[in-house]
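Okay, structure first, notes after.
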Amino acid sequence: MASSSSCRAWHCLLALFLLSSSAYSQLSPSFYAKSCPTLQLIVRATMIKALLAERRMGASLLRLHFHDCFVQGCDGSILLDDVGSFVGEKTAFPNVDSVRGYEVIDEIKKNVELLCPGIVSCADIAALAARDGTFLLGGPSWSVPLGRRDSTTASLTEANSDLPAPSLSLNLLIKAFDKKQLSPQDLTALSGAHTIGFSQCLNFRDHIYNGTNIDPAFATLRKRTCPAQAPNGDKNLAPFDVQTQLLFDNAYYRNLVAKRGLLNSDQVLFNGGSQDALVRQYVANPALFASDFVTAMIKMGNINPLTGTAGQIRRNCRVVNS
Ligand code: HEM
Ligand SMILES: *[C@@H]1O[C@H](CO)[C@@H](O)[C@H](O)[C@H]1NC(C)=O
């Protein structure tokens with residue numbers, strides 16, 4: 001009787017699982033293997049050129065992908081310019097005069113279009129550039145799931161509400177990441193991206209003058225180029241990691257334990273709360289940090305992608321196809 005059933009219990013469950021997991025994500029590292037076999041070489045070559053001109057660009061492109069994914073998902077929405085009546089995300093508080101690397105995305109896209117016209121999305125280019133930026137600064141590498149398509153919309157409102165501010169408490173950071181289905185562990189691992197790159201004074205002023213959980217010598221050092229009175233020195237840069245500012249290592253976590261986190265949102269990961277133990281683990285075990293970072297980057301890259309026939313493949317990353 002049961003053997004004639006077309007759907008035995010565990011087969012059914014397996015089928016449902018496969019269906020639901022493919023609906024959850026249709027991205028695949030081999031998505032362009034036939035349609036654009038040179039894609040990864042083009043991105044890598046263009047990224048090397050960009051980093052030879054300015055090493056910091058590796059950090060900037062890692063951040064750009066994060067700011068893309070947290071707003072409407074990883075759909076290239078951050079790349080859209082304000083043109084005519086179209087309002088993009090570039091003027092949102094966390095992005096304006098802060099997110100860098102749009103020109104590098106343009107150059108990668110131009111080179112990719114020469115060899116594979118109309119095939120590769122800007123959202124996927126941003127994901128590959130983030131991976132290459134990490135790797136070229138000495139960090140881990142991973143194969144990037146691909147197949148995202150580009151949005152025809154952007155959301156200034158969501159950019160302002162969903163991109164976390166450096167003033168947030170640990171609870172609010174955990175909430176902001178939970179909203180994107182990222183765990184507290186993902187938050188702590190992804191924040192390790194702050195082992196590379198720089199912040200402007202206006203983003204860490206309050207922490208170095210008013211913070212309670214900060215090494216006084218570190219505060220003094222940072223105050224030298226970040227005056228208390230805004231807007232003086234607002235745009236002055238300080239490295240997240242004093243020692244190895246453009247090397248992707250685990251120094252970020254050592255700095256947190258030494259109370260040398262640059263942003264308030266960095267130091268709250270090690271202030272007697274729930275993430276202290278994990279921070280200590282990442283200090284002791286750089287390989288664990290590298291592998292958790294990769295896992296979390298792939299999760300972040302999976303936030304709400306447009307796939308199949310949704311969205312479009314933009315010809316120019318800055319404007320929706322007409
Ligand atoms: C946890 C919440 C986060 C907050 C509050 C935050 C905030 C910030 C701020 C304020 C800056 C300095 C921007 C400026 O002064 O112009 C910055 C830089 C940076 N962020 Fe984050 N960030 C967070 C998470 C992340 C994540 C998840 C990544 C990537 C995985 C990331 C990657 C970077 C990088 C690489 C830089 C340096 C960029 C450069 O030098 O151009 N951040 N972040
Ligand atoms: C320190 O905190 C006070 C009270 O919130 C605020 O008015 C002041 O602007 C802060 N100082 C700096 C340098 O951010």
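Whatever order the structure lists ligands and atoms in, that order sets their numbers, starting from 1.
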Is Asp124 salt-bridged to Arg149, cutoff N-O under 4.0 Å? no

Using modelled atom types only, decide if a donor and an acceptor are shared between the side chain of Tyr209 and the backbone of Ala228 within a distance under 3.5 Å. yes

Using a strict 4.0 Å threshold on nitrogen-to-oxygen distance, state whether Asp81 and Arg318 make a salt bridge. yes

So Leu80 and Glu89, side-chain contact (heavy atoms from CB on, under 4.5 Å) or not? Walk me through it. CA-CA 7 Å; Leu80 292 169; Glu89 296 163 11; over 6 Å; no

Can we say Asp162 and Lys179 salt-bridge, meaning some charged N sits less than 4.0 Å from an Asp/Glu carboxylate O? yes

Could you check whether atom 14 (O) of ligand 2 has a protein contact, counting only heavy atoms that fall below 4.0 angstrom? yes

Write out the residue and atom name of the closest protein heavy atom to atom 42 (N) of ligand 1, then the distance separating them to 0.1 Å. His194 NE2, 2.9 Å

What atoms of ligand 1 come within less than 4.0 Å of a heavy atom belonging to Gly197? 37 (C), 40 (O)

Within a distance under 4.0 Å of any heavy atom of Leu187, pick out the atoms of ligand 1 and give their elements. 1 (C)

Lys49/Glu103 ion pair, N-O < 4.0 Å: no

Counting only heavy atoms on the protein side, is anything nearer than 4.0 Å to atom 4 (C) of ligand 2? no

Identify, for atom 35 (C) of ligand 1, the protein heavy atom at the shortest distance, and state residue, atom and that distance. Ala59 O, 3.2 Å

Tell me whether Arg205 has any N or O atom under 3.5 angstrom from an N or O of ligand 2. no

heavy-atom search around atom 9 (C) of ligand 1 in the protein gives Leu263 CD1, 3.8 Å

Starting from atom 3 (C) of ligand 1, which protein heavy atom do you reach first, and at what distance in Å? Pro164 CG, 4.0 Å

Looking only at protein heavy atoms, which one is nearest to atom 24 (C) of ligand 1, and how far off is it? Phe66 CE2, 3.4 Å

Is ligand 1 less than 4.0 angstrom away from at least one heavy atom of Phe177? yes

Just to confirm my output: which protein heavy-atom neighbour is closest to atom 17 (C) of ligand 1, and how far is it? Arg63 NE, 3.4 Å

Run down the list Leu237, Leu190, Asn203, Leu202 and name the one with the heavy atom closest to atom 27 (C) of ligand 1. Leu190

Check each atom of ligand 1 against the heavy atoms of Ala165 and keep those under 4.0 Å away; list them by number with element. 5 (C)

Using a 3.5 Å cut-off on N or O atoms only, is Gln200 in polar contact with ligand 1? yes

Would Phe198 count as a polar contact of ligand 1, with the cut-off being nitrogen or oxygen pairs under 3.5 Å? yes

With heavy atoms only and a cut-off of under 4.0 Å, state how Asp206 meets ligand 2: side chain, backbone, both or neither. both

Give the numbers and elements of all ligand 1 atoms closer than 4.0 Å to a heavy atom of Arg56. 39 (C), 40 (O), 41 (O)

Under a 4.0 angstrom heavy-atom cut-off, which atoms of ligand 1 come close to Arg100? 41 (O)

If the cut-off is 4.0 Å to any non-hydrogen atom of Ser98, which atoms of ligand 1 fall inside it? 13 (C), 14 (C), 16 (O)

Ala193 heavy atoms, cut-off 4.0 Å: which ligand 1 atoms fall inside? 28 (C), 29 (C), 30 (C), 31 (C), 32 (C), 35 (C)

Does atom 7 (O) of ligand 2 have a protein non-hydrogen atom under 4.0 Å from it? no

Candidate list Val99, Ile105, Val104, test side-chain contact (heavy atoms from CB on, under 4.5 Å), partner Tyr102, passing option: Val99

Flag Ser60 as yes when one of its N or O atoms lies below 3.5 Å from any N or O atom of ligand 1, and as no otherwise. yes

Output yes when the distance from some N or O of ligand 1 to some N or O of Ser265 is under 3.5 Å, and no in every other case. no

Salt bridge or not between Glu54 and Arg100? Use side-chain N to carboxylate O under 4.0 Å. yes

Please list, in number order, the atoms of ligand 1 under 4.0 Å from a heavy atom of Ser191. 1 (C)

Main chain of Leu202, side chain of Asp234: is a donor-acceptor contact present, judged purely on distance under 3.5 Å? no

Do Ser98 and Arg63 have a side chain donor and acceptor closer than 3.5 Å? yes

For atom 9 (O) of ligand 2, closest protein heavy-atom neighbour: Asn210 ND2, 4.8 Å

